[in-house]
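The sequence lines fix the lettering, A, B, ..., with proteins before strands; numbering per chain opens at 1. Only a predicted model underlies this, so the values are computations on that prediction, with no experimental measurement involved.
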Amino acid sequence: MASWQRTHFCGELRETHIGQSVTLNGWVNTFRMYPDQVFIDLRDRYGITQIVVESDRPEFFKIAAEARSEWVLSIQGRVRERMIGSEKKHNPKLATGAIEVLAENVTVLNRCPTPPFELFSVPQEGQTFGEPELANEDLRLQYRYLDLRRPTLHRTLAMRHRLNKVIRDNLDAQGFFEIETPLLGKSTPEGARDYLVPSRVSLGQWYALPQSPQLYKQILMVAGYDKYFQIARCLRDEDLRADRQPEFTQLDLEMSFVEMDDVFGVIENLTAEVFRRCVGVTLPTPFPRLTYSDVMLRYGSDKPDLRYGLEIVDVGDIAAQTEFQAFKGALETGGAVRAINVNAAADKFSRKQLDELAEIVKRAGGKGCAWVKVEAEKFAGGIEKFLAPPIQVQLRQRLGAKAGDLLLFVADKADIVCAGLGTLRQHLAGVLKLYDPNALDYKIAWVIDFPSFIWDDEEKRWAANHHPFTAPLDGDLPRLESDPGSVKAKAYDLVINGYECGGGSIRIHNPDVQSRLFKVLGMTDEQAKARFGFLLDALKFGAPPHGGIALGLDRFAMMLARTTNIRDVIAFPKNQKARDLMTGAPAPVDAKQLKELGL
RNA sequence: GGGGACGUAGCUCAAUUGGUUAGAGCACCGGCCUGUCACGCCGGAGGUUGCGGGUUCGAGCCCCGUCGUCCUCGCCA
């Protein structure tokens, strides 16, 4: 062992170590200088230990006095109790506060320039490390290795490690095999935009990086590996969001001889253990199962945040009795009129703020939002004059309204009403603080009974809502050709606190059904064979009934870490333009490289 | 591609809404200090207000363009 190597960690020493000779390695967290003493708080992953360097060792005192934030030091010394004379001078804020290390040797392992932004600040009560006010994110991403020194990020990455470990242990115990699948694969035309990789040995031809291991995992089922999982990197060349990165990590999973309940059982077992072991929260199982049509109506979203109420209520039948043109017009063209009762909020919104609510609905595609305040006897303001007393009575009853409530209405095509009120609901919950974003408060549910198809108005054809191998509900099969829009799928999403954290389906294993489904999608057998031939071939060779799911692990980590920014849970994330500000990727390459690839 | 917010010292922010020499805290440098622990005290240095143009007697502030960052719609089977 080299003389500078550590014998202990910086968070380790206690009164029991007093008198021992130790060596600590770490970064200078803070320093306090005196004419005859230098105090250095030395930091590593495990904590902080105070180092004292005294002037009776001038050669080391000089080095210590020069040391600055984030220098890397090795301190050899003796552990002693913090005393002045015979009086104890412990620091109760530090786990190591009873002791300090009197330096007998100081080695500078590396210097560090003044960091471009602050990494540490005053610790909060009960914390070893203090979080500074965060610098601009682009600066922090450029110096990611410095930003990653922040204890919050250490904790998050430690938590992700535990998440992966729990997943592997749990699925192993449930009988799953972890199997890797290729990164270099074949582009499949539907779905997200592919990242492409040129082939050097087959000039002019391209691999695609996987959007998910979907096709491979189904083939593994054909091959008899009846419980498969993989912690898989997936790549999609689409625009980024606060919860979306171009490369992200899925827990990909597939099982044979199963129906939906079997997948739910495995995932509920796993998810409950993840939350118990990562954040100490017990989730009640089984998770609630909500239908797509139900959540769209009540929450205006297929991934509702169930931590708060503010449910949407259909008032179309009552609105039809009014002469209010905005209501009548929407209903006459087959639309809907729905409302939210914002409890006790009548006085919380100024006229200007109500206009802002209308703006939010407009941004969601709507024409605006009508409002009315509820008083003891009657409604007031907004569209009150369009609502005759008997209408008011009905609305009051339907919406459970009492004096002081604020009623918000949106009238439009049904999907716009959902989007408008859904967005409004989220906004209101934030503004009215109906939930605590920092609390260990998790509302988790399955959303089921998704439509199999959605109508693509541009291409004038039915498109697969999930993917073209998703099995329709058995009872809906007879309507596959006659009424595709009414067919529901054996597809399911796992929704946590308003985030889609997973999705999957039971797959079609019957070639006849698969063929019928391709026809609905406007694909001939030949076209289907050209696109998915290898999978269709494989499915012919004795495919078992199978199904599975993929969980978005980055989003899971966001939930566990209680952040709304996916970059907080990824060690080296990309910015909104999909750039890595630390490495500078993407970047031009040498002409020679391009030439080799025939580009 | 559309909509929105932001860009002032190394960092976080301010600048009485167009008016004198653009300030503060932290960081940095120097000095003082025998027990600090966010040490304290004194002093100092540090600015093309993202960039380019325009309006004006006068622009950090208004207008146009551009670059960058974030949020969002489209997109994400």
Atom [atom1], compared across [N] and [M]: separation rounded to whole Å:
N      : M      : atom1 : result
C64(B) : U72(B) : C1'   : 25 Å
U17(B) : G4(B)  : C1'   : 22 Å
G53(B) : G1(B)  : C1'   : 26 Å
U8(B)  : A24(B) : C1'   : 13 Å
A15(B) : C75(B) : C1'   : 42 Å
G23(B) : U66(B) : P     : 34 Å
G60(B) : U21(B) : C1'   : 15 Å
A9(B)  : C29(B) : C1'   : 15 Å

Pairing check on [N]: which nucleotide meets the Watson-Crick or G-U wobble criteria with it, both distances under 3.5 Å?
N      : result
G7(B)  : C67(B)
G30(B) : C42(B)
G19(B) : C57(B)
U49(B) : none
G74(B) : none

What does [X] touch in the nucleic acid at a heavy-atom separation under 4.0 angstrom: a base, only the sugar-phosphate, or nothing?
X         : value
Arg80(A)  : base
Leu139(A) : sugar-phosphate
Glu100(A) : base
Glu54(A)  : base
Asp237(A) : nothing
Leu134(A) : sugar-phosphate
Thr470(A) : nothing

Between [N] ([atom2]) and [X] ([atom1]): distance, integer Å:
X         : N      : atom1 : atom2 : value
Asn91(A)  : U36(B) : CG    : C1'   : 10 Å
Ile360(A) : G3(B)  : CD1   : C1'   : 14 Å
Asp147(A) : C11(B) : CG    : P     : 14 Å
Tyr195(A) : C76(B) : OH    : C1'   : 12 Å
Phe39(A)  : U36(B) : CZ    : C1'   : 4 Å
Ile454(A) : C76(B) : CD1   : P     : 8 Å
Glu70(A)  : C11(B) : CD    : P     : 17 Å
Asn136(A) : G10(B) : CG    : P     : 13 Å

Keeping the roles fixed (side chain from [X], backbone from [Y]), state whether a donor-acceptor pair exists under 3.5 Å.
X         : Y         : value
Gln142(A) : Leu139(A) : no
Gln37(A)  : Tyr34(A)  : no
Asn465(A) : Ile454(A) : no
Arg425(A) : Leu310(A) : yes
Arg43(A)  : Glu70(A)  : no
Thr49(A)  : Cys10(A)  : yes
Gln245(A) : Lys574(A) : yes

Output the single nucleotide from U34(B), U12(B), C39(B) whose closest atom is nearest the side chain of Thr30(A).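 Closest nucleotide to the Thr30(A) side chain: C39(B).
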
If you only use heavy atoms from C-beta on, which nucleotide in C33(B), C29(B), G35(B) is closest to the side chain of Pro35(A)?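 Per side-chain heavy atoms of Pro35(A), the pick is C33(B).
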
Does the side-chain contact (heavy atoms from CB on, under 4.5 Å) test come out yes or no for Glu100(A) and Arg80(A), once each step is laid out? CA-CA 6 Å; Glu100(A) 63 191 6; Arg80(A) 69 180 186 189; 2.9 Å; yes

Is there, by distance only and without an angle test, a donor paired with an acceptor across the side chain of Arg82(A) and the base of C37(B) below 3.5 Å?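 Between C37(B) and Arg82(A), which were checked side chain against base, a qualifying N/O pair under 3.5 Å is present.
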
Assess whether one donor atom and one acceptor atom, taken from the side chain of Gln50(A) and the base of U36(B), lie less than 3.5 Å apart.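 Answer is yes: a donor-acceptor pair is held.
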
Would you check if the distance from the ring center of Trp27(A) to the ring center of Trp71(A) is below 6.0 Å?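 When the ring centroids of Trp27(A) and Trp71(A) are compared, they turn out to be at least 6.0 Å apart.
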
Look at [X] together with [Y] and state whether they make a salt bridge at an N to O cut-off of under 4.0 Å.
X         : Y         : result
Arg307(A) : Asp305(A) : yes
Asp243(A) : Arg555(A) : yes
Arg236(A) : Asp194(A) : no

Residue-level proximity of residues 59-66 of chain A to RNA chain B when a heavy atom falls under 4.0 Å: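 Heavy-atom contacts with RNA chain B come from no residue of residues 59-66 of chain A; none.
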
Show the distances under 3.5 angstrom between N or O atoms of the protein and N or O atoms of nucleotides 23-27 of chain B.
residue: C26(B); atom: O2'; partner: Glu118(A); partner atom: OE1; Å: 3.2
residue: C26(B); atom: O2'; partner: Glu118(A); partner atom: OE2; Å: 3.3
residue: C26(B); atom: O2; partner: Glu118(A); partner atom: OE2; Å: 3.1

Is the phosphate of C39(B), meaning OP1 or OP2, less than 4.0 Å from a side-chain N or O of Arg32(A)?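 Checking C39(B) against Arg32(A), a side-chain N or O does come within under 4.0 Å of OP1 or OP2.
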
Test log, rule salt bridge (Lys or Arg N to Asp or Glu O under 4.0 Å), inputs Asp537(A) and Lys529(A): CA-CA 8 Å; Asp537(A) 283 345; Lys529(A) 194 170 159 55; 3.8 Å; yes

Can you give one letter per nucleotide of nucleotides 65-74 of chain B, 5' to 3': B if a protein heavy atom sits under 4.0 Å from the base, S if only from the sugar-phosphate, - if neither? ----SBBBBB

Tell me, do Tyr492(A) and Asp449(A) make a side-chain contact under 4.5 Å, heavy atoms counted?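 A side-chain contact under 4.5 Å is absent here.
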
Which way is the base of U17(B) turned, syn or anti, if we draw the line at 90° from 0?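 What U17(B) shows is a syn base, its glycosidic angle lying within 90° of 0.
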
Using 30° and 60° as the class boundaries, would you call the ring planes of His467(A) and Phe469(A) parallel, tilted or perpendicular?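 His467(A) and Phe469(A): tilted rings.
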
